[in-house]
Trainee: 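Structure provided below as structure tokens; questions to follow.
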Amino acid sequence: MTENDLTDAFAHCGTVEAVSIITDRETGRSKGFGFVTMSVEDADKAITQLNGSQLDGRALTVNEAKPMVKRDFGGGGGGGRRY
């Protein structure tokens, strides 16, 4: 799936401002999700019409993106042995 494929699919619901497919930094392969930027009204329409539908044989989950929450992994790791 390309960014153009997503743009075409979402364009039926309104004006697509931007599309970004998220890829793995090391392999460059898609992580299986992306972001489509639209107006609030068009985005609501896209959520209603496309969530649960199929695109190129894959089920779509379409919802509003939430701000990323920084994760605190706690103490510094270490874990090595000293001899």
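Model, not experiment: these values are computed from the prediction.
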Trainee: Can you tell if the side chain of Ile22 reaches within under 4.5 Å of the side chain of Ser20, non-hydrogen atoms only?
Mentor: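 In contact.
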Trainee: State the NZ-OG1 distance between Lys31 and Thr27, to the nearest 0.5 angstrom.
Mentor: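 Lys31 atom NZ to Thr27 atom OG1 measures 8.5 Å (nearest 0.5 Å).
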Trainee: Which heavy atom in Ser39 sits nearest to a heavy atom in Glu17, and how many Å separate them?
Mentor: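 Closest pair (atom of Ser39, atom of Glu17, distance): N-OE2, 3.6 Å.
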Trainee: What about Met1 and Val62, same hydrophobic cluster or not, with Ile/Leu/Val/Met/Phe/Trp/Tyr joined at side-chain heavy-atom distances under 4.5 Å?
Mentor: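 The answer is yes; both residues are in one hydrophobic cluster.
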Trainee: Taking all atoms of both residues into account, what is the closest heavy-atom pair of His12 and Lys45, and its distance?
Mentor: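 Distance-wise, the nearest heavy atoms are O-NZ, 4.2 Å.
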Trainee: Measure the shortest side-chain to side-chain distance between Val16 and Val36 over non-hydrogen atoms and say whether it is less than 4.5 angstrom.
Mentor: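 Yes, close enough: below the 4.5 Å cut-off.
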Trainee: Could you measure the distance from the CD1 atom of Ile47 to the OG1 atom of Thr61? Nearest 0.5 Å is fine.
Mentor: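 Ile47 CD1 to Thr61 OG1: 11.5 Å, rounded to 0.5 Å.
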Trainee: If you count the non-hydrogen atoms of other residues, nucleotides and ligands that lie under 6.0 Å from CD in Gln54, is the total more than 12?
Mentor: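 Count over threshold, so yes.
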Trainee: Kindly compute the distance separating CD1 (Ile21) from CD (Glu3), expressed to the nearest 0.5 Å.
Mentor: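 Going from the CD1 atom of Ile21 to the CD atom of Glu3 covers 5.0 Å.
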Trainee: Of all the heavy-atom pairs spanning Leu55 and Ala9, show the shortest one and how long it is.
Mentor: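 Reported closest heavy-atom pair: CD2-CB, 3.9 Å.
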Trainee: Verify, without hydrogens or angle tests, whether Asp42 (side chain) and Gly14 (backbone) share a donor-acceptor contact under 3.5 angstrom.
Mentor: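 Flag not set: sc Asp42 to bb Gly14 has no pair under 3.5 Å.
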Trainee: Return the SG to CD distance between Cys13 and Glu41, rounded to the nearest 0.5 Å.
Mentor: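 Those atoms lie 11.5 Å apart.
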Trainee: Check step by step if side-chain contact (heavy atoms from CB on, under 4.5 Å) holds for Met38 and Thr15.
Mentor: CA-CA 6 Å; Met38 306 176 82; Thr15 302; over 6 Å; no
Trainee: Restricting to non-hydrogen atoms, name the atom on Leu60 and the atom on Asn51 that form the minimum distance, rounded to 0.1 Å.
Mentor: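 Looks like O-OD1, 3.7 Å.
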Trainee: If you measure from CZ on Phe10 to CD on Gln49, what distance do you get to the nearest 0.5 Å?
Mentor: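 If we round to the nearest 0.5 Å, Phe10:CZ and Gln49:CD are 10.5 Å apart.
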Trainee: Kindly compute the distance separating CG (Asp24) from CZ (Arg29), expressed to the nearest 0.5 Å.
Mentor: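 The CG atom of Asp24 sits 9.0 Å away from the CZ atom of Arg29.
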Trainee: Between the side chains of Asp5 and Thr2, is a donor N or O closer than 3.5 angstrom to an acceptor N or O?
Mentor: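 Yes, side-chain donor-acceptor contact under 3.5 Å.
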